[in-house]
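As the structure lists them, so they are numbered: ligands from 1, and atoms in each ligand from 1. Just so it is clear, the model here is predicted, and its values are computed rather than measured.
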Amino acid sequence: MFFASRYVHATSSAAPLFEDIDASLEEQDLVTVSRRNRVDDGETCLLDILDTAGQEEYSSMREQYMRVGDCFLVVYSVTSRSSFDSACLMRDFILRIRDTDEIPVVLVGNKCDLASDREVTREEGLAAAKRMGAAAFFETSAKKRLNVEESFFELVRHTPRQGVEYRVVVLGDGGVGKSALTIQFIQHHFVDEYDPTIEDSYRKQCVISGLRHAAPSARRAAGRPKSKSVLQELFNCFASKESETVVAPPRPAVVRQAEIMSTNVGMLSLGSLAEPAEIMTGDPVKCAGCHGVLSSLSTLTLSNKSAKQAVWKCEFCGHENANIHAGEVPDQPTVDYILESVAPSMSQSQDTSLVVYCLDISGSMCVTTELPRLQSEWRAARTTTGSDAPVSADQYLPGETRGAKYMSRLQCIQEAVSRNLQRIHDENPNRRVVLVVFSSEVVVIGDGLTHIPETVTGSKLESFATLTDAGHSLAEKVEPISKSLAQLKRKVEGLEESGATALGPALAVAVGMAGRVPGSEVVLCTDGIPNVGLGAIDGAADPLAAAAFYTRIGELAREQDTTISLLGISGTDCGLQHLSACAKMTSGTVNVLHPVEIVREMRKISQNPIVANNVEITLRSSPGIQFDGVNAPESGSTAVIKLGNALRECDRAFMFRNIVPAKQLGAHTTFQAQIRFTRLDGAKCLRVITARREITSDVEVARNGLVISTMSLAAAQLGSVLAQNAAFSQARALLSGTERLMRVCAKTDAQMEEHATFVGETHDLDQAISEYSRKSRKALATPGKADTAEMSSVLFGTAKSTRETKLPDGIVRTLATMSTTPVNLFYSGEAKRKLVTSRKTTEAAKREYYAYTC
Ligand SMILES: Nc1nc2c(ncn2[C@@H]2O[C@H](COP(=O)(O)OP(=O)(O)OP(=O)(O)O)[C@@H](O)[C@H]2O)c(=O)[nH]1
């Protein structure tokens, strides 16, 4: 259990829900506010660094990286001639994409410590830098920290200053050392084992002398919101092409200052359930009054000097529990109790869970998408020459269409699934993978080995029990992917599009299959509105019945510890507002993507595995404190959160406040989280985490040393839940009040970097809340639209509001993603480094990754 402050801040009277916030507040967006308040001394720079994917497989975004950066560090390895050839072409690509002849680039030849493996001389590097018009050239060693800071600083010096922030994009082939250079620059640390990057963004604040200041006119022209992170901007690029754009709200006539959020915020990191805590033998000692558990922080008193047994006055309800033995008191504040163990023969030492790919092969999947120009050129060059050398820029006439290449949506999904099958095979050979595809009917392809494809059609598509039972029985025997990989790949390659979209029935079959093994996953890819059988939500279908169907699917999946993740294709209406309910109920992810991004997203899903099933949390505090922002407050000082599965990256924020005046609270308060869960080996456990916090009524004391990332998590998660419940003003007030608190409290570089990260990462949420609020107000004013409110109430499991309206997928996705975002999204400094360097991949997966070409 983590807290944003070392103290509980208590006010002299009971604190309101949003302590100091004026809930009716209409503010400018966070980016504008934070920019307006940033002091520019002419030398302090906030570098927003994007470490990009070097490998072709994940390079669909390369063109977008080039569009959004202010300046570029182009990296090759002196030990790789082909990486040098690629790097030499980069600046030309950037200039063409940006349609300019001026862009700051520094060319870097990394790994110069590996003298004996050198393939590119220093002279060649220098000549190439001159030829391509780079502002500077350095040979670097991330390992020896040679010229690392110089490269970044020189790049910034050559970039016209348009405010404090600089968006630096690090480009280059896979494995040249982009991550190593970035982490060495930020953290003074060399880590020689990384998982190949998809992309990572970092913020670093530094003071650089001799900066180039932009002319005022250039500064005005570049008046885009700089606090938005590079990643945020990238995703908006795709969104604006392919899906509905979130429009910024009109600027209010009068801008008022937000009040400041309270520091009373905590967080539970459920990923830690993967690691055992100290095991206590026997049953937990529970208070007879409130079921709080005896902990190492509990106070015991002996009834008399000779007595062996003591009395525990419960810190949560005050009940006096007699007959407590000293041996029952844990030594540590975090302990595990085994409630039900598993026989060694039953326990699973390897992950044998199922992955069910549920794939849309309806007619619309044949719609093609033009690949981003760069990726297309790269692919064209590689397929025609069969070499890794990219096509030379001078082979084209100006304005000539350069090898535009199209891929159908189905092809994108086929490629992504094939790549992911290989990854599962390399990393978890005992996992079992099955395919379910759907068009006008559902076809269970299974593992390609033991299954003969089975078609579910006709009236069966209308019966919930028939569908889930069919799935369950078809998953009785599934071979591990170590045996089925080749057949599965062949089946995926052979898929063809046709017909309508029996998505609901297919999902029911897939969930039925996954129910065979707790902790299994369903990954659903679709591009269209479900329109056949159960869960249909097109024209004539009953929206309430559809919503009820997806809720029922979510409940079943949660009961059997299945996670459902959704990948929708942007620019299509895939009924995400309904579908996201079942993902949310099962801790799954929801994403709407450009087709070429699916391969990256599938990898991200597989990198975030389930670590525990059946997770239910009960939060307790001493009397006088009330929890807010958790799903089901039982009474003031107890709250229950039903989570289903916990993923490796899974954090839950909560807020609390005093409901009696500070002076009645005493010197400190105790918090306890009781987490019931099932370990992956099947054992049922209870983890008890107890923490004590001193109480202060001095706001400055409470704000000292504020943990910005924990505050960020609470604002993002709880703000999106508030918006989903139509409490728009409160949601915006929570975001802007949190931003203001950070501005007041951020003193260290790491805090300031995390403040900037918060503003960047919550930008879309801030915009989505404004847009959602605007649409709801409009819908209210339009007669005949009231039915949509009911749909939303069902979707979000709340019937409190009548203000909702049908939302664009972009907003649904933002609210769904942010309501379950992990805290690491907001990390900076040391925490970020730990996160990145802890991502390891197997040697086999790495070899395969670097050997891959399209
Ligand atoms: N000897 C030496 N090894 C380096 C240096 N820089 C990076 N490496 C190693 O090269 C390998 C790849 O480094 P990364 O930083 O992951 O490369 P990358 O460019 O980010 O790769 P992608 O994430 O695939 O795009 C790692 O094993 C690093 O330890 C260096 O300066 N010297």
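- Contacts with ligand 1 closer than 4.0 Å are made by heavy atoms of both the backbone and the side chain of V176.
- For atom 32 (N) of ligand 1, the choice among T52, D51, D113, N110 with the nearest heavy atom turns out to be D113.
- Shown in contact with K178 at under 4.0 Å from a heavy atom are these atoms of ligand 1, numbered in order with element: 15 (O), 17 (O), 18 (P), 19 (O), 20 (O), 21 (O), 22 (P), 25 (O).
- Taking the side chain as every heavy atom from C-beta outward, S712 and T762 never approach each other to under 4.5 Å.
- For ligand 1 and A180, the ligand atoms under 4.0 Å from any heavy atom of the residue are 6 (N), 7 (C), 15 (O).
- Looking at Y202 and D48, their side chains never bring a donor and an acceptor atom within 3.5 Å of each other.
- Between Y76 and F137, the angle of the ring planes stays under 30°, which puts this pair in the parallel group of the 30/60° scheme.
- In the vicinity of K143, heavy-atom distances shorter than 4.0 Å reach the ligand 1 atoms 1 (N), 30 (C), 31 (O), 32 (N).
- The shortest heavy-atom contact between V156 and L211 is CG1-CD2, 3.8 Å.
- If you number the atoms of ligand 1 from 1 as listed, the ones under 4.0 Å from a heavy atom of S141 come out as 31 (O).
- Residues K143 and K111 fail the side-chain proximity criterion, which asks for heavy atoms closer than 4.5 Å.
- No part of L181 comes within 4.0 Å of ligand 1, judged by heavy-atom distances.
- The closest approach between a heavy atom of G172 and any atom of ligand 1 is not below 4.0 Å.
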TODO: Go through E149 and R145 one step at a time and tell me if the salt bridge (charged side-chain N to carboxylate O under 4.0 Å, His left out) criterion holds.
DONE: CA-CA 8 Å; E149 197 162 88; R145 197 175 167 80; 3.3 Å; yes

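- Ranked by closest heavy atom to atom 17 (O) of ligand 1, the top entry among S83, G177, S77, C112 is G177.
- Between the choices K111, Q184, K144, E139, the shortest heavy-atom distance to atom 5 (C) of ligand 1 belongs to K111.
- Taking 4.5 Å as the limit, every side-chain heavy atom of E521 sits out of range of all side-chain heavy atoms of V356.
- The closest approach between a heavy atom of D173 and any atom of ligand 1 is below 4.0 Å.
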